[in-house]
Amino acid sequence: EDQVTQSPEALRLQEGESSSLNCSYTVSGLRGLFWYRQDPGKGPEFLFTLYSAGEEKEKERLKATLTKKESFLHITAPKPEDSATYLCAVPSYAGGTSYGKLTFGQGTILTVHP
Amino acid sequence: ETGVTQSPTHLIKTRGQQVTLRCSSQSGHNTVSWYQQALGQGPQFIFQYYREEENGRGNFPPRFSGLQFPNYSSELNVNALELDDSALYLCASSGSGAHTDTQYFGPGTRLTVL
């Protein structure tokens, strides 16, 4: 069964202090990797999809990268509004011919202090 | 373009009761997936519906059932509620049942079972 592990569980940064979140995965075959941001009590908000090792995507202060075993979400000069839980997920076998199930990690809770 | 909507926002039930949660998919999407998210955990896949047919199921008992309607909206029904069913229930829509499609999440329904 596919597994996704995120580290650290929680990360506290000062505003402007850059860092990275890790998402490691064990899958039968990589079919992509998704990053989401989730604010407390709300649904996950889509950030990025990565499909192959070496791929990188950027959005504002966030940059996601992918290797054969893990993905990183780099946060450059974060602001307090970047505080949220960051989730990564991989598509997994769901039965029949479907690989539409997303297997999520437990998330990294990011807090950015002003 | 209208995003994914869910109703109700919050719900309180007692053990043994039945509950129905509703989801309207994003315009142009024909696939709906349901997830359960316990506090501090990543979302867990319940099932997916593609063009009104179940297209994959996670490790949830049969008392979790669903429907998808011709307009691609969906319902999640849970019978014989248990205390452990207390969670945030998330609905996500995507353009097709393909694993490469991004799943866009709604705001969730917070279910409390007393």
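Letters go in sequence order (proteins before strands), and every chain restarts at 1.
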Heavy atoms from other residues, nucleotides or ligands near CD of A/Glu81 exceed 12 (cutoff 6.0 Å): yes

Contacting moiety of B/Gln44, where chain A heavy atoms sit under 4.5 Å: neither

Gap separating the CG atom of B/Leu90 from the CD atom of A/Gln38, nearest 0.5 angstrom: 6.5 Å

Less than 4.5 Å to any heavy atom of chain A: does that hold for the side chain of B/Phe47, its backbone, both, or neither? neither

Check whether A/Tyr36 gets within reach of chain B through its side chain, its backbone, both or neither, counting any heavy atom under 4.5 Å. side chain

Taking the side chain from B/Gln48 and the backbone from A/Ala94, do they hold a donor-acceptor pair closer than 3.5 Å? no

Per-residue contact mode, A/Leu87 against chain B (heavy atom under 4.5 angstrom): side chain

Shorter than 4.5 Å, heavy atoms on both sides: which option in B/Pro107, B/Ser33, B/Gly108 has the most such pairs with chain A? B/Pro107

Chain B heavy atoms under 4.5 Å from A/Glu45: which part of the residue, side chain, backbone, both or neither? neither

Atom CD of B/Gln103 and atom CZ of A/Phe34: how far apart are they, to the nearest 0.5 Å? 7.0 Å

When rounded to the nearest 0.5 Å, the distance separating NZ of A/Lys42 from CZ of B/Arg110 is 13.5 Å

Please say whether more than 12 non-hydrogen atoms of neighbouring residues, nucleotides or ligands are located less than 6.0 Å from CZ in B/Arg15. no

Let's test your reading of the structure: which of A/Pro44, A/Pro91, A/Gly105 forms the most heavy-atom pairs below 4.5 Å with chain B? A/Pro44

Between A/Thr103 and B/Phe45, does a side-chain contact (heavy atoms from CB on, under 4.5 Å) hold up when you go through it step by step? CA-CA 7 Å; A/Thr103 297; B/Phe45 177 78; over 6 Å; no

Do other residues, nucleotides or ligands put more than 12 heavy atoms under 6.0 Å from the CG atom of B/Leu39? no

Might you work through the side-chain contact (heavy atoms from CB on, under 4.5 Å) test for B/Phe105 and A/Phe46, ending with a clear yes or no? CA-CA 8 Å; B/Phe105 285 83; A/Phe46 171 70; over 6 Å; no

Give a yes or no on whether A/Gln3 atom CD has more than 12 heavy-atom contacts from other residues, nucleotides or ligands under 6.0 Å away. no

Can you tell me how far apart CG (B/Asn55) and NZ (A/Lys101) are? Round to the nearest 0.5 Å. 13.5 Å

Are the side chain of A/Ser98 and the backbone N or O of B/Gly56 linked by a donor-acceptor pair below 3.5 Å? no

